[in-house]
Protein chains: 2
Amino acid sequence: MNKNGELYNKIPILRAEKKWSQKDLANQVGVTRQTIASIEANRYNPSLILAYEIAFAFEKEIYEVFEYKFTN
Amino acid sequence: MNKNGELYNKIPILRAEKKWSQKDLANQVGVTRQTIASIEANRYNPSLILAYEIAFAFEKEIYEVFEYKFTN
DNA sequence: ACTTACTGTAATATATTTTTAACATTTTGT
DNA sequence: ACAAAATGTTAAAAATATATTACAGTAAGT
């Protein structure tokens with residue numbers, strides 16, 4: 001796959017608003033705490049379904065949680 | 001990962017509007033034709049970045065290309 | 001009818017995400 | 001100051017996405 005941009009996310013901010021730990025969010029969406037930590041730190045590119053589950057947990061749309069900035 | 005829903009997509013419709021083959025779209029987003037075919041057929045769950053690249057190719061937002069229907 | 005392009009799908013290989021387990025550091029509550 | 005919870009990070013294994021190759025079937029153009 002040919003990336004043309006960089007992925008950013010607002011998960012830490014949204015978690016803070018809800019006062020959720022990484023583990024709280026992880027439990028809600030059915031992944032491990034490390035998966036959430038890795039996504040927050042941009043260590044990897046989540047699946048679309050996981051992105052939807054995270055957005056749903058925050059009662060947001062994907063574009064309110066993730067941003068993809070094209071560089072090319 | 002714990003799926004709570006099903007992923008649907010409008011890629012075939014959007015391709016038809018643009019008169020693009022699977023290969024045309026694949027080339028634009030930098031994947032193979034089989035990757036596009038598999039996503040169209042819901043054989044798998046693309047990465048968020050690939051979803052953004054596909055939406056961008058169609059000049060659409062992700063929610064205009066993909067829909068995630070919660071079942072739980 | 002023929003050729004070429006397009007699509008469906010499968011097998012195997014490779015890359016990446018996700019899990020699990022672990023340990024160190026930082027933050028929070030008392 | 002102490003204990004408990006939260007976070008950062010890493011390594012190895014497991015699961016899943018993506019690439020590559022291949023072949024068959026369908027649609028489209030001439």
Side-chain angles (χ1 to χ4, degrees), chain A residues 1-58 60-63 65-72, chain B residues 1-58 60-63 65-72:
Chain A
M1 227 265 297
N2 225 349
K3 286 193 197 180
N4 283 23
E6 286 285 335
L7 189 61
Y8 300 94
N9 74 86
K10 295 172 188 141
I11 297 175
I13 294 161
L14 296 167
R15 275 198 306 104
E17 285 174 12
K18 297 253 184 193
K19 295 185 183 162
W20 289 347
S21 67
Q22 292 179 339
K23 194 173 186 187
D24 291 334
L25 175 59
N27 289 343
Q28 283 207 51
V29 306
V31 295
T32 63
R33 171 181 84 74
Q34 288 86 336
T35 297
I36 299 297
S38 292
I39 293 168
E40 287 190 2
N42 288 314
R43 270 193 294 270
Y44 50 66
N45 174 15
S47 68
L48 180 57
I49 288 180
L50 180 50
Y52 271 112
E53 298 275 358
I54 291 171
F56 182 75
F58 288 125
K60 300 276 181 190
E61 298 301 320
I62 283 186
Y63 71 87
V65 181
F66 296 95
E67 190 186 3
Y68 190 56
K69 279 192 186 153
F70 285 87
T71 54
N72 306 338
Chain B
M1 225 267 296
N2 225 350
K3 285 192 196 180
N4 283 24
E6 286 285 336
L7 190 61
Y8 300 94
N9 75 86
K10 293 171 189 144
I11 297 175
I13 295 161
L14 296 167
R15 277 199 305 105
E17 285 175 12
K18 297 253 183 193
K19 295 186 181 159
W20 289 346
S21 68
Q22 292 179 339
K23 194 173 188 187
D24 291 334
L25 175 59
N27 289 343
Q28 281 206 54
V29 306
V31 296
T32 62
R33 171 181 84 73
Q34 288 83 343
T35 296
I36 298 298
S38 293
I39 293 169
E40 288 190 1
N42 288 313
R43 271 192 295 270
Y44 51 64
N45 173 17
S47 67
L48 180 57
I49 288 180
L50 180 50
Y52 271 113
E53 298 275 356
I54 291 171
F56 182 74
F58 288 125
K60 299 276 182 192
E61 298 301 319
I62 283 185
Y63 70 87
V65 180
F66 296 95
E67 189 185 3
Y68 190 55
K69 278 192 187 154
F70 285 86
T71 55
N72 305 337

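Predicted model, so just to flag it, every value in this text is computed and none were measured.
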A/K10 side, atom NZ; A/E67 side, atom CD - distance, nearest 0.5 Å
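Atom-to-atom, A/K10:NZ and A/E67:CD are 5.5 Å apart.
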From A/K23 atom NZ to A/R33 atom CZ, the distance as rounded to the nearest 0.5 Å:
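One finds 8.5 Å between NZ of A/K23 and CZ of A/R33.
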Does any N or O in the side chain of [X] come within less than 3.5 Å of the main-chain N or O of [Y], such that one atom is a donor and the other an acceptor?
| X | Y | result |
| --- | --- | --- |
| B/Y68 | B/G5 | yes |
| B/N45 | A/S47 | no |
| A/E6 | A/T71 | no |

Heavy atoms under 4.0 Å, any strand shown: does B/S38 hit a base, just sugar-phosphate, or nothing?
nothing
Spacing between [X] atom [atom1] and [N] atom [atom2], to the nearest angstrom:
| X | N | atom1 | atom2 | value |
| --- | --- | --- | --- | --- |
| A/K3 | C/dA15 | NZ | P | 15 Å |
| B/E40 | C/dT9 | CD | P | 11 Å |
| B/N45 | C/dT16 | CG | C1' | 13 Å |
| B/L50 | C/dT17 | CG | C1' | 14 Å |
| A/E53 | C/dT18 | CD | P | 12 Å |
| B/I39 | C/dG8 | CD1 | C1' | 15 Å |

Can you work out whether B/A41 or B/S47 has the more 5'-proximal nearest nucleotide on DNA chain C?
B/A41
Cation-pi geometry met for B/K18 and B/F58 (6.0 Å, 45°):
no
Determine the interplanar angle of the A/Y63 and B/Y63 rings, folded into 0 to 90°, and report it as parallel if under 30°, tilted if 30 to 60°, perpendicular if over 60°.
tilted
Looking at DNA chain C, which of residues 4-31 of chain B put a heavy atom within less than 4.0 Å of it?
B/R15, B/S21, B/Q22
Answer whether the closest heavy-atom distance between the side chains of A/R15 and A/E40 falls below 4.5 Å.
yes
Examine the side chains of A/T35 and A/T32 and answer whether a donor and an acceptor come within less than 3.5 Å of each other.
yes
Could you check B/I54 against B/I39 for side-chain contact (heavy atoms from CB on, under 4.5 Å), going step by step and ending with a plain yes or no?
CA-CA 11 Å; B/I54 291 171; B/I39 293 169; 4.3 Å; yes
Quick one: how far along DNA chain D does chain B reach, first to last nucleotide 5' to 3', anything under 4.0 Å to a heavy atom?
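Contact span on the strand: D/dA17 to D/dA22.
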Minimum heavy-atom distance A/L7-A/P46, with the two atoms named
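Scanning both residues completely, I find the closest heavy atoms to be CD2-CD, 3.9 Å.
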Could you encode protein contacts along nucleotides 20-30 of chain C as a string, one character per nucleotide from 5' to 3', using B for base contact, S for sugar-phosphate-only contact and - for no contact, with a heavy-atom cut-off of under 4.0 Å?
BBB--------
